[in-house]
Amino acid sequence: MQTWHPGLLHAVAPTSVKKFVTGSGRADKDKMLLAVYMRWQFEAPNHDVADAYTLARIPAHLDPELRLR
């Protein structure tokens, strides 16, 4: 998986995406959906959207001046 940060392209391992949102790199897809909702109140319609939404949140975590609206 990849996420974008101004001027940089980051490759992010699926286990890192899972760990970022759930605290565990071994979380299953249903735990990912729940964690995305609990953390950001975003109700992803499917697992792929939950992954993409999490990837979109990572740059703001790396640089707090970046904010999703």
Side-chain angles (χ1 to χ4, degrees):
M1 295 183 187
Q2 296 179 340
T3 189
W4 181 83
H5 187 263
L8 299 171
L9 180 65
H10 297 274
V12 183
T15 54
S16 295
V17 174
K18 291 176 181 183
K19 188 169 186 174
F20 178 75
V21 72
T22 68
S24 170
R26 298 182 65 185
D28 64 27
K29 293 182 181 287
D30 290 332
K31 286 184 183 175
M32 279 288 294
L33 282 170
L34 179 60
V36 166
Y37 180 77
M38 296 297 290
R39 186 167 181 174
W40 297 298
Q41 292 73 50
F42 176 74
E43 194 168 340
N46 61 53
H47 307 296
D48 293 330
V49 174
D51 289 345
Y53 190 81
T54 301
L55 282 168
R57 288 293 193 156
I58 291 173
H61 179 75
L62 297 173
D63 183 350
E65 292 193 18
L66 298 172
R67 295 282 180 226
L68 291 178
R69 299 188 198 284

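In what follows, every heavy atom counts, from backbone to side chain, and hydrogens, waters and symmetry copies are set aside. Numbering of residues begins at 1 and proceeds along the displayed sequence.
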(message) Any heavy-atom pair between the side chains of K18 and D51 that's under 4.5 Å?
(response) no
(message) Could you work out, with side chain to side chain contact (heavy atoms under 4.5 Å, CB included) as the rule, every residue matching A35, not counting sequence neighbours?
(response) V21, T22
(request) Hydrophobic side-chain clustering at under 4.5 Å (ILVMFWY, transitive links): who's grouped with M38? Put none if nobody. (result) L34, Y37
(request) Kindly write out the residues that satisfy side chain to side chain contact (heavy atoms under 4.5 Å, CB included) with K31, not counting sequence neighbours, or none if the list is empty. (result) A27, D28
(request) Is it possible for you to say whether M32 and I58 belong to one hydrophobic cluster, with membership spreading through side-chain heavy-atom contacts below 4.5 Å? (result) yes
(message) Can you give me the closest heavy-atom contact between L33 and N46, atom names plus distance?
(response) CD2-O, 3.5 Å
(message) Check for me whether R39 meets the cation-pi criterion with Y53, that is, NZ or CZ under 6.0 Å from the six-membered ring centre and within 45 degrees of the ring axis.
(response) no
